[in-house]
Amino acid sequence: MNLPRPADLSDAHTEQPSLKGRKAVITGGTTGIGRAIAVLLASEGARVFVCGRTPAHLDDALARIREVGEGDGIALDLSNADSVERFFDCADAFLGGLDLAVINAAVPGEALGDSGKAETRYEIAVDFTSYLTTTQAAAERMKAGSDIVLIGSMSAVSKSPGSSIYVAAKSGIEGFAPSLRKELAEKDIKVGLIEPGFTGADFQYPDFPPEKQRELIHQHKMLRAEDIAVAAHFMLTQPRRAAVSLIRIETRLEHP
């Protein structure tokens with residue numbers, strides 16, 4: 001009996017490295033986009049270490065991560081420089097190394113005129129300063145073959161009024177990413193930036209409570225956090241020669 005010869009599919013797809021065995025930290029990995037990325041990476045065989053500000057959210061995220069893979073984490077606030085050092089010390093102890101970092105922790109930022117001085121300093125500390133300090137700490141630990149993914153925002157593109165502090169921070173990250181990518185390229189450490197649009201998460205409370213978010217997602221006017229996680233997965237599963245340096249994800253339809 002003559003069986004059909006298998007089709008030659010050698011040119012149908014490029015190399016797609018596995019995430020199995022990768023050692024990953026995800027800041028802001030207990031809710032929203034960070035949680036979704038942590039769950040997806042864990043399900044693909046990466047060991048993940050996450051942080052978030054709220055112990056209850058940490059417990060919830062770790063329960064889900066451990067259903068699909070292996071992970072641990074700590075509750076702390078990265079606006080404090082000592083917390084950055086503590087986070088990475090704990091990550092080192094759990095992971096025994098680091099070759100993947102998703103820098104994501106952020107808080108909403110208001111219009112400059114509506115924010116008190118203490119609030120302004122805090123928002124800048126979380127949304128900009130901690131991005132740089134956590135990225136620096138991650139890069140110091142990385143060897144060739146590592147990846148850094150920065151989660152920015154389409155706010156850096158739209159520059160809408162009402163959140164000028166947040167726009168300033170995310171615009172800074174938008175400039176930081178390509179410069180850092182060039183600095184680390186020769187070390188074989190890739191840097192990518194993902195700029196999500198309007199995405200459902202507790203970040204959107206109280207303006208968009210859960211039921212309203214579900215409605216907007218159903219109407220294709222709001223993204224799910226898992227949509228951003230899939231983009232991160234794509235960015236991280238390319239051959240080393242290919243640096244996917246920027247992904248922007250927007251809703252198909254305009255949100256309110």
Side-chain angles (χ1 to χ4, degrees), residues 12-14 16 19 26-44 57 60-61 64-65 68 102-111 127 131 147-178 181 190-239 242-256:
H13 205 287
T14 190
Q16 191 173 26
L19 295 177
I26 302 98
T27 68
T30 62
T31 61
I33 291 171
R35 182 185 188 276
I37 292 174
V39 171
L40 181 52
L41 296 186
S43 75
E44 292 284 312
H57 291 162
D60 173 76
R64 178 58 182 144
I65 288 166
V68 299
V102 179
I103 310 300
N104 165 77
V107 295
E110 300 180 1
D127 291 345
Y131 261 68
D147 293 86
I148 297 171
V149 177
L150 303 167
I151 306 299
S153 172
M154 284 296 296
S155 295
V157 180
S158 64
K159 297 178 173 60
S160 300
S163 56
S164 51
I165 299 172
Y166 189 73
V167 168
K170 294 306 181 181
S171 296
I173 299 306
E174 189 178 65
F176 170 63
R181 179 174 66 82
K190 294 201 288 188
V191 177
L193 172 64
I194 298 176
E195 293 185 328
F198 188 44
T199 304
D202 63 331
F203 192 95
Q204 304 291 355
Y205 300 162
D207 294 339
F208 296 93
E211 60 274 14
K212 182 61 176 178
Q213 290 191 28
R214 286 190 289 270
E215 178 185 346
L216 290 171
I217 289 169
H218 181 72
Q219 294 171 350
H220 299 181
K221 295 180 179 179
M222 175 179 268
L223 300 168
R224 296 180 66 216
E226 288 78 9
D227 301 331
I228 317 307
V230 169
H233 180 273
F234 174 80
M235 184 175 277
L236 292 167
T237 53
Q238 302 304 307
V244 181
S245 56
L246 174 63
I247 297 178
R248 288 174 174 160
I249 309 166
E250 302 177 69
T251 55
R252 181 173 60 82
L253 300 175
E254 288 292 322
H255 63 79

Q | Glu195 to Ala156 - nearest heavy-atom pair and separation | A | OE2-CB, 4.0 Å

(Q) Holding to ring pair (Phe, Tyr, Trp, His ring centres under 6.0 Å), I want the full list of residues that pass it with Tyr131, two or more places apart in sequence or in another chain. (A) none

Q) Applying salt bridge (charged side-chain N to carboxylate O under 4.0 Å, His left out), which residue pairs with at least one partner in residues 29-40 are found, sequence neighbours left out? A) Arg35-Asp60

Q.
Which heavy atom of Ser163 sits nearest to which heavy atom of Gly109, and what is that distance?
A. CB-O, 3.2 Å

Q.
As an exercise, state the distance from CD1 of Ile194 to CD1 of Ile249, rounded to the nearest 0.5 Å.
A. 6.0 Å

Q.
What I'd like to find out is whether the side chain of Leu216 reaches to under 4.5 Å of the side chain of Gln219, using heavy atoms alone.
A. yes

Q | Thr237 side, atom OG1; Asp147 side, atom CG - distance, nearest 0.5 Å | A | 10.0 Å

Q. So do the side chains of Ile151 and Ile37 get within less than 4.5 Å of each other, counting heavy atoms only?
A. yes

Q) Taking Asn104 for the side chain and Gly28 for the main chain, is one N or O donor matched with an acceptor at less than 3.5 Å? A) yes

**Q.** Residue pairs passing the salt bridge (charged side-chain N to carboxylate O under 4.0 Å, His left out) test where at least one lies in residues 148-177, sequence neighbours excluded
**A.** Glu174-Arg248

Q | Gap between atom CE of Met235 and atom NE2 of His233 - 0.5 Å precision | A | 13.0 Å

Q: State whether the side chain of Asp127 and the backbone N or O of Val107 hold a donor-acceptor pair below 3.5 Å, judged by distance alone.
A: yes

Q | Gap separating the CG atom of Leu40 from the CD atom of Glu226, nearest 0.5 angstrom | A | 9.0 Å

Q. Which pair of non-hydrogen atoms, one from Gly197 and one from Leu223, has the smallest distance, and what is that distance?
A. N-CD1, 3.9 Å

Q) Taking all atoms of both residues into account, what is the closest heavy-atom pair of Ala105 and Thr27, and its distance? A) N-OG1, 3.1 Å

Q) Does Phe234 offer a backbone N or O that forms a donor-acceptor pair with the side chain of Gln238 under 3.5 Å? A) yes

Q | Euclidean distance, Met222 CE relative to Thr199 OG1, rounded to 0.5 Å | A | 7.5 Å

Q) Can you tell me how far CG of Leu150 sits from CG of Leu246, rounded to the nearest 0.5 angstrom? A) 11.0 Å

**Q.** Which atom of His220 lies closest to which atom of Thr251, heavy atoms considered
**A.** O-CB, 3.8 Å

Q: Could you tell me which non-hydrogen atom of Glu250 sits nearest to which non-hydrogen atom of Met154, and how far apart they are?
A: CD-CE, 3.6 Å

